[in-house]
Every structure is written in structure tokens, then in C-alpha cells.
Amino acid sequence: MLAHHIPLQVVRRYAQSHNISEDRAMVHFQELEKFLELSASNKGSFAPSKKLDKTWHAFLLWTREYEEFCLKNFGIFIHHVPADSPKTEVYLTTRAMAEQMFGALE
């Protein structure tokens, strides 16, 4: 598992707005970390699951915290680029690469 620090205020706000426990919200953010690590350490296009995209959107609202997190942990700012249509093939490739890097996913 990655050991990056997710700002607690971000996790709490996400948990409240999605009516889930903070522990469950933290699992969502831990999975998002894997996606961001994959994106930062590989070339190409990657697509998160719908759940991870929602988690990512929540994190992006905390612009300073998100920027600091990216720079501190990955050395780059990881931009979110919306897709015009579902990227099923890209998502499946992303998931397979993540499973190779991190093992079973949530």
C-alpha cells in the first residue's frame, strides 16, 4: 500500500457528502492514490473508474491540498482531463496495469 498522506479534511468532506464512513472514504482515496501513482509513473492515457473519478473530483476542489499532494508525492501536478465519451478500453488497460503494480484492487 502507498504511504502518502491524504489531508483528513478532504476525506471528511468526501465522507459527509457521499454519506459514507470516514474509513470507507479513506479506502476510496487510497485507491485514488494508486491511480495517481500509475498515471505519474507511466506514459500514456489512463482512465479511472467512476468511483475514483468522483473521489478525484472531490480532491480537486481542494486545489492547494491537491497540488501539494501531487508535487510532494509524484513530483508533478497530475491534471484531470475529462473525456467526451466513456473510455472502456483505456479503463480496462488502466485497471490491468494497476493490478500488476499494486495487486488486487478495491
Side-chain angles (χ1 to χ4, degrees):
M1 181 185 304
L2 300 173
H4 303 143
H5 174 72
I6 303 289
L8 191 54
Q9 69 270 27
V10 176
V11 176
R12 285 184 178 148
R13 176 76 58 90
Y14 177 81
Q16 290 170 354
S17 67
H18 288 83
N19 199 30
I20 60 175
S21 70
E22 286 183 24
D23 288 342
R24 189 73 197 140
M26 186 58 77
V27 169
H28 290 199
F29 277 93
Q30 289 168 341
E31 291 298 302
L32 176 63
E33 281 183 274
K34 293 175 185 177
F35 173 78
L36 295 173
E37 176 71 30
L38 175 77
S39 298
S41 61
N42 294 279
K43 294 187 186 293
S45 296
F46 302 97
S49 66
K50 289 180 182 180
K51 175 182 71 176
L52 289 188
D53 195 48
K54 289 179 183 180
T55 307
W56 197 2
H57 283 220
F59 202 174
L60 287 166
L61 292 175
W62 295 77
T63 57
R64 287 186 181 102
E65 288 81 356
Y66 177 72
E67 178 183 38
E68 181 180 326
F69 179 85
C70 285
L71 296 177
K72 179 180 177 186
N73 295 298
F74 311 116
I76 60 169
F77 183 88
I78 302 169
H79 292 275
H80 181 287
V81 180
D84 292 333
S85 61
K87 303 283 188 184
T88 304
E89 187 175 318
V90 175
Y91 167 70
L92 292 174
T93 299
T94 300
R95 185 166 179 92
M97 288 179 70
E99 287 177 347
Q100 284 181 331
M101 284 180 74
F102 305 107
L105 301 174
E106 172 68 19

Any residue meeting ring pair (Phe, Tyr, Trp, His ring centres under 6.0 Å) with Tyr91, in chain and number order, not counting sequence neighbours: none
Worked verdict on Arg64 versus Glu67 for salt bridge (charged side-chain N to carboxylate O under 4.0 Å, His left out): CA-CA 5 Å; Arg64 287 186 181 102; Glu67 178 183 38; over 6 Å; no
Stepwise ring pair (Phe, Tyr, Trp, His ring centres under 6.0 Å) check, Phe46 with Phe35: CA-CA 8 Å; Phe46 302 97; Phe35 173 78; 7.0 Å; no
Which side-chain N or O atoms in residues 95-103 pair as donor and acceptor under 3.5 Å with protein atoms at least two apart or in another chain?
residue	atom	partner	partner atom	Å
Arg95	NE	Glu99	OE2	3.4

Partners meeting side chain to side chain donor-acceptor pair (under 3.5 Å) with Arg24 (sequence neighbours left out): Glu106
Glu33 to Phe74 - nearest heavy-atom pair and separation: O-CZ, 4.2 Å
Minimum-distance pair of heavy atoms, taken over all atoms of Val11 and Glu22: CG1-O, 3.8 Å
Single-linkage hydrophobic cluster, 4.5 Å side-chain cutoff, Leu36 and Ile76 together: yes
Ser39: side chain to side chain donor-acceptor pair (under 3.5 Å) partners, not counting sequence neighbours: none
Cluster companions of Val27 among Ile, Leu, Val, Met, Phe, Trp, Tyr (side-chain spacing under 4.5 Å): none
Sub-6.0 Å ring centroid separation between Phe59 and Tyr14: no
Side chain to side chain contact (heavy atoms under 4.5 Å, CB included) partners of His57, counting only residues at least two apart: Asp53, His80
